[in-house]
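Chain naming here is simple, since letters A, B, ... match the order of the sequence lines and numbering starts at 1 in each. Every heavy atom of this structure was used, including side-chain atoms; hydrogens, water molecules and symmetry mates were not.
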Protein chains: 2
Amino acid sequence: MKRRSTPTKEAVISVLNASNKAMSQDAIEHKIEIEIDRATIYRVLNQFCEDGIVHKIIADDGKQYFAICKKCDDQKLPDNHFHFRCSSCQTIECLPALVHFSVPESYKVERFNCILIGKCKDCS
Amino acid sequence: MKRRSTPTKEAVISVLNASNKAMSQDAIEHKIEIEIDRATIYRVLNQFCEDGIVHKIIADDGKQYFAICKKCDDQKLPDNHFHFRCSSCQTIECLPALVHFSVPESYKVERFNCILIGKCKDCS
DNA sequence: TTATTATTGCAACTTAATCGCAATAATAAT
DNA sequence: ATTATTATTGCGATTAAGTTGCAATAATAA
Ligand SMILES: [Mn+2]
Ligand SMILES: [Mn+2]
Ligand SMILES: [Zn+2]
Ligand SMILES: [Zn+2]
């Protein structure tokens, strides 16, 4: 499917770019000036994920958060860093720390979703 | 709140003990012989989590999974191990590998939720 | 300018999980 | 053994996140 450039996509990308945190659909919608439907935002975000522009994080609240891929390597494990969720201000950010792990024999790791929960620098 | 011993609690614990995987409420309900209401199972599971008997994992599908704390240390970070979700058979298991991480200055880590996704030993 | 089809808005739907409340039952008190 | 206390349960309603079908709209190609 060929991609088309639309006001919606530009608005969503713009908001994500302006933020140094991962954002939920809800947060993105509130931050955007123009009115965009919930379903559309999800569709656009998932498209960005497919295209490797954005990555999705499932937080420990079970919700989806989205963040711009700033320095994600396009390797086998593109999003190979920890995420941090502040239990005070609830924000989620990408940490520079890479995830290192070891798995038992014959397990194959394709991707991961790793979140540390605690107090961020502003809240501790 | 004092705890009371009930058939429901025994059934839930029994099912979790018999499994070497983490289980969802739904999976637990199907495995139990007697009929127990969904809300009750969730309440019992959350109580077990409070009491440190069970730990909860939020998988990358956003759902809650529960596993017996077999060798969890009762330290500050009780559930300090990786979890593995098989993208073929969908099962989730506790890995022996501990999570090691580093966070920027003045971040305080309280707990974490780290999941590796891939093919388990049976599916790879 | 017209044709193609990706994108959007809307409403309906799905699923997970929680909550209020009255009824039930495990345990303590008598 | 009987009664009192209150933790637990079932039920239904509710919340919330996310998805889907479909017809209308609009970006891009022809
Ligand atoms: Mn990230
Ligand atoms: Mn575990
Ligand atoms: Zn914070
Ligand atoms: Zn498997």
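Regarding contacts with the backbone of C:dA17, a side-chain N or O of B:Tyr42 is found under 4.0 angstrom from either OP1 or OP2. The phosphate of D:dT19 (OP1 or OP2) has a side-chain N or O of A:Asn46 nearer than 4.0 angstrom. Contact between the side-chain N/O atoms of A:Lys2 and the OP1/OP2 oxygens of C:dA6 is not found at any separation under 4.0 Å. The side chain of B:Gln25 contributes no N or O atom lying less than 4.0 Å from OP1 or OP2 of C:dT15. Between B:Gln47 and D:dT8 there is a side-chain polar atom (N or O) within less than 4.0 angstrom of OP1 or OP2. Regarding contacts with the backbone of D:dG10, a side-chain N or O of B:Thr40 is found under 4.0 angstrom from either OP1 or OP2.
Within the 4.0 angstrom heavy-atom criterion, base atoms lie near B:Arg43. Contact annotation for A:Asp61: no contact, since no heavy-atom pair falls under 4.0 Å across all strands.
Residues from residues 6-24 of chain A lying near DNA chain C, meaning a heavy-atom separation below 4.0 Å, are A:Thr6, A:Thr8, A:Lys9 in numerical order.
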(request) Quick one: do A:Met23 and A:Phe66 satisfy side-chain contact (heavy atoms from CB on, under 4.5 Å)? Show the steps, please. (result) CA-CA 5 Å; A:Met23 300 178 74; A:Phe66 301 86; 5.9 Å; no
Polar atoms only, N or O, under 3.5 Å: list the protein pairs with nucleotides 11-13 of chain C and their distances.
none

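Nucleotide C:dA17 holds its P atom 9 Å from the CG atom of B:Asp26, rounded to whole Å. Atoms CG (A:Asp51) and C1' (C:dA6) sit 13 Å apart, rounded to a whole Å. Distance A:Ile41 CD1 to C:dT8 P: 10 Å, rounded to the nearest Å. We find that CD of A:Glu29 is positioned 14 Å from P of D:dA16, with the value rounded to whole Å. For the pair A:Glu35 CD and D:dT25 P, the interatomic distance rounds to 18 Å; values are reported in whole Å. Rounded to whole Å, the distance from CD1 on A:Ile58 to P on C:dT15 is 18 Å. The nearest whole Å value for the distance from the CD1 atom in B:Ile28 to the P atom in C:dA16 is 13 Å. Rounded to an integer number of Å, the gap from B:Lys63 NZ to D:dT19 P is 14 Å.
Comparing A:Arg3 and B:Ser5 against DNA chain C, the residue whose closest nucleotide sits nearer the 5' end is A:Arg3.
B:Ser5 and B:Glu10 share a donor-acceptor pair across their side chains, judged by distance under 3.5 Å alone. A donor and an acceptor atom, one from each side chain of B:Tyr42 and B:Gln47, are nowhere located under 3.5 Å apart. A donor atom on one side chain and an acceptor atom on the other are not found under 3.5 Å apart for B:Asn113 and B:Lys56.
Helical stems of DNA chain D (runs of at least 3 Watson-Crick or G-U pairs, donor-acceptor distances under 3.5 Å) are listed by first residue: C:1-30 with D:1-30.
For the atom pair A:Leu45 CG and A:Lys9 NZ, the distance stands at 11.5 Å (nearest 0.5 Å). Between the SG atom of A:Cys114 and the CG atom of B:Leu116 there is a distance of 5.5 Å, given to the nearest 0.5 Å. Here B:Ile115 contributes atom CD1 and B:Phe84 contributes atom CZ; the two are 11.0 Å apart, rounded to the nearest 0.5 Å.
For the pair A:Lys63 and A:Gln25, the minimum side-chain heavy-atom distance is 4.5 Å or more.
Salt-bridge check for B:Glu110 with A:Arg85: failed, with every basic side-chain N at 4.0 Å or more from each acidic carboxylate O. For A:Asp60 and B:Arg111, the salt-bridge test passes: some basic side-chain N is under 4.0 Å from an acidic carboxylate O.
Between A:Tyr65 and A:Ser24, the closest heavy-atom pair is CD2-N, 3.6 Å. Closest non-hydrogen pair, B:Ile68 versus B:His55, comes out as O-CE1, 3.5 Å. Residues B:Ile34 and B:Ile32 come closest through the heavy atom pair O-CG2, 3.2 Å.
Distance from the side chain of A:Arg4 is smallest for D:dA27 among the nucleotides C:dG9, D:dA27, D:dG18.
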